[in-house]
2 protein chains.
Amino acid sequence: MSDATTARDRRPGGRTARIRAQVLDAVRAELAEGGHEGLTVEGVATRANVHRTTVYRRWRDVGGLLADVIAAAGEIDWQPPDTGSLSGDLTALNEEIQESLLVRPSLARALMAASFHSEQAARAQTRLWADRYAQCGILVERAVERGELPARHTDARSLLMAATAPVYHHLVLQRADPDPRLPRRSAVAAVLAAAAGAFSAD
Amino acid sequence: MSDATTARDRRPGGRTARIRAQVLDAVRAELAEGGHEGLTVEGVATRANVHRTTVYRRWRDVGGLLADVIAAAGEIDWQPPDTGSLSGDLTALNEEIQESLLVRPSLARALMAASFHSEQAARAQTRLWADRYAQCGILVERAVERGELPARHTDARSLLMAATAPVYHHLVLQRADPDPRLPRRSAVAAVLAAAAGAFSAD
DNA sequence: CGGCTAGTGCGACAATTGTTGCGTTAGGAT
DNA sequence: ATCCTAACGCAACAATTGTCGCACTAGCCG
């Protein structure tokens, strides 16, 4: 995958790992200060007490840095919510998403912005989404077991997209003011559609 | 609104208008060649046979250029589809959206990318969405008249978001391969949810 | 026609961004 | 302990990006 990981495989030793840690910490710190706007290779390198060229060579660009931060964060295992009902789970998921987009700095936002002009960031984004959706498949399975959804197979990915997409759409594309009701409304709407058989795989 | 429009109001004369036309044409041309990646102020200015400084002063940055292109395009009046059924209308709308994201160059994509680091582009984006949704309100009204939706008031914006958001989510955020079925599936799901009262304003 | 000035052209400049070649260092291997 | 080389530091460079002051041009108005 990324150059950083390749390098780590080839010489996982103390210095390489230490510098990676320094740089990734610096990315997070810079992100916290200036948001994804003020994030620059120069700034990261300076803060990490590392030379520009090192960063350019190992991570190529800002997108590469963000991709690596995401990869490092992916090592901590995230768990989908489990509230006892499908609509509750999806609502909780949406609230989590909404918060991740509103918190400053928003890593999610930064990754999206970078993914438009960085191949590494784009790949990291795609991969992150695939993982998340795969993990959330369990929500649908549990709902079927509880009898909340018709026994016939429901396409988990479609359902999850229907539930979560509006939150992103509202905050990222429309850039509208956050609506505290949206997470629940969107989740409920998706569940109703699912109950009506909208996402049954045919 | 934009500097360009202000300027045009204050001195709408031949040269100002001519240069605006040259520059906006150049933006579209550059976009067509290099996509939203290769879009640079320098390139636009050169192609338009105009000096860099002129562009910087009137449009500030790439986002301003795109915002003005959008504004100019907004002058041609777009009409929401009218197929005779709500699900048909929403499907057609989604297919239009999907095409606008897949066509090269994608003005929509470029505007999104720019909106992350240009205030003007961000505002243009927000305004564009508000206009589109307002215009699409008629779809819901017609559906109610036809008896496709319960008589009680349905929140048009929520319904439209539920229908369209997944398409953007799929193509822009997930960057997954285009799914020719998604426009219809997503539209139908939204209609089913609406029929179940998911978007009734309370 | 002739003056006024918004808007443009021009060049010089500063700041940022990214690249390259080469010497040095540190960590892994024998 | 010693060698080997991946990875880093460094400096110099090139390219890009954005700004500023000033001259000038063209459209508007009297």
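The chains referred to below are lettered A, B, ... by the order of the sequence lines, with proteins before strands, and numbering in each begins at 1.
- Here D/dA12 presents its P atom at 13 Å from CZ of A/Arg52, a figure rounded to the nearest Å.
- Rounding to whole angstrom units, CD of residue A/Glu42 and P of D/dA11 are separated by 14 Å.
- A side-chain donor from one of A/His170 and B/Arg157 sits under 3.5 Å from a side-chain acceptor of the other.
- Checked for salt-bridge contact, B/Glu33 and B/Arg47 meet the test: a charged N lies under 4.0 Å from a carboxylate O.
- When rounded to the nearest whole Å, the span between OH of A/Tyr56 and P of C/dT16 equals 12 Å.
- In this entry the distance linking CZ of B/Arg20 with P of D/dA26 reads 22 Å, nearest Å.
- Remark: P of D/dG18 and CG of B/Leu65 are 11 Å apart, rounded to the nearest angstrom.
- Rounding to the nearest 0.5 Å places NE2 of A/His51 at 9.0 Å from OG1 of A/Thr46.
- Among D/dG9, C/dG9, D/dA7, the nucleotide with an atom closest to any side-chain atom of A/Thr54 is D/dG9.
- Taking every side-chain heavy atom of A/Arg58 into account, D/dC8 is the closest of D/dC8, D/dT19, C/dT17.
- Close to C/dG27, at under 4.0 Å from its OP1 or OP2, lies no side-chain N or O of A/Thr16.
- Remark: C1' of C/dT19 and CG of A/Asp61 are 14 Å apart, rounded to the nearest angstrom.
- The nucleotide whose nearest atom lies closest to any side-chain atom of B/Thr53 is, among D/dA11, D/dG27, D/dT19, D/dT19.
- Side-chain atoms of B/Ser186 never come within 3.5 Å of backbone atoms of B/Thr164 as a donor-acceptor pair (strictly under, hydrogens ignored).
- In this structure, A/His51 places its NE2 atom 12 Å from C1' of C/dT20, rounding to the nearest Å.
- Among all heavy-atom pairs drawn from B/Asp89 and B/Gly84, the shortest one is OD1-N, 3.9 Å.
- Judged by atom type and distance alone, A/Arg60 does not reach the base of C/dG18 through any side-chain donor-acceptor pair under 3.5 Å.
- Here the nucleotide nearest the side chain of B/Arg18, chosen from D/dG27, C/dG27, D/dG9, is D/dG27.
- Look at CD1 on B/Ile19: it is 18 Å from P on D/dC24, rounded to the nearest Å.
- The side chain of B/Arg15 lies closest to C/dG7 when the candidates are C/dT17, D/dA6, C/dG7.
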